[in-house]
Amino acid sequence: HLEPKPEGHEGLLLVIDGSARLKHTAPQLIAALDSIHRAMRVGAIVASEPAQHVPLAPFSDAHRQSIVKLLRYSFSLF
């Protein structure tokens with residue numbers, strides 16, 4: 001039996017393959033961030049060695065920029 005989660009505690013954890021063969025998808029991933037609702041808690045993990053992450057937090061413009069920075073760093077898009 002699963003209990004429903006209390007409202008306001010929903011979260012989205014993005015787990016992204018950090019392999020070089022997916023580098024070309026980074027611009028689409030960054031663009032897709034714009035479709036995430038601002039009230040949601042969002043975090044991101046790039047599965048690479050070493051793994052990089054942005055912790056779950058309310059999805060503000062600043063938090064979005066942290067995830068964009070993570071993606072650009074992980075895929076060397078400076």
Side-chain angles (χ1 to χ4, degrees):
H1 174 68
L2 297 175
E3 295 293 324
K5 289 183 180 179
E7 270 192 53
H9 293 283
E10 295 84 13
L12 173 65
L13 182 59
L14 305 170
V15 180
I16 301 157
D17 181 348
S19 61
R21 65 187 170 90
L22 293 178
K23 179 179 181 175
H24 71 281
T25 65
Q28 290 96 338
L29 292 170
I30 291 169
L33 294 174
D34 291 332
S35 65
I36 297 173
H37 192 275
R38 292 294 192 241
M40 183 168 280
R41 290 171 39 86
V42 179
I45 297 173
V46 175
S48 60
E49 191 58 42
Q52 304 288 324
H53 77 283
V54 173
L56 277 171
F59 195 62
S60 64
D61 289 336
H63 194 64
R64 180 192 180 282
Q65 279 307 113
S66 294
I67 295 173
V68 168
K69 184 176 176 181
L70 171 70
L71 290 170
R72 287 186 175 147
Y73 175 79
S74 297
F75 291 109
S76 301
L77 302 173
F78 299 102

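These numbers come from the heavy atoms of this one structure, side chains and all, not from hydrogens, waters or symmetry mates.
Of all the heavy atoms in A57 and H63, the pair that sits closest is CB-CE1, 3.5 Å. For the residue pair V54 and S66, the shortest heavy atom distance occurs at CG2-O, 3.7 Å. Across all non-hydrogen atoms, the minimal contact from V46 to G18 is CG1-CA, 3.6 Å. Residue D17 comes nearest to F75 through the heavy atom pair O-CZ, 3.4 Å, listed as atom of the first residue, atom of the second, then distance.
In this structure, L33 and V42 have side chains that are not in contact, with every pair of non-hydrogen atoms separated by 4.5 Å or more. Residues R72 and I30 are in side-chain contact: their nearest non-hydrogen atoms beyond the backbone lie under 4.5 Å apart.
Hydrophobic clustering of Ile, Leu, Val, Met, Phe, Trp and Tyr side chains at less than 4.5 Å, counting indirect connections, keeps V68 apart from I45. Taking hydrophobic clusters as Ile, Leu, Val, Met, Phe, Trp and Tyr residues chained together by side-chain heavy-atom distances below 4.5 Å, L71 does not share a cluster with V15. Hydrophobic clustering places I67 together with L29 (ILVMFWY residues linked when any side-chain heavy atoms are closer than 4.5 Å, directly or through intermediates). A continuous path of Ile, Leu, Val, Met, Phe, Trp and Tyr side chains, each step under 4.5 Å between heavy atoms, connects M40 with L70, placing both in one hydrophobic cluster.
Legend: side chain to side chain donor-acceptor pair (under 3.5 Å) pairs involving residues 50-62, not counting sequence neighbours, sorted by first then second residue: R38-D61.
Under a 4.5 Å side-chain heavy-atom cut-off, the cluster of Ile, Leu, Val, Met, Phe, Trp and Tyr residues that includes L56 has no other member.
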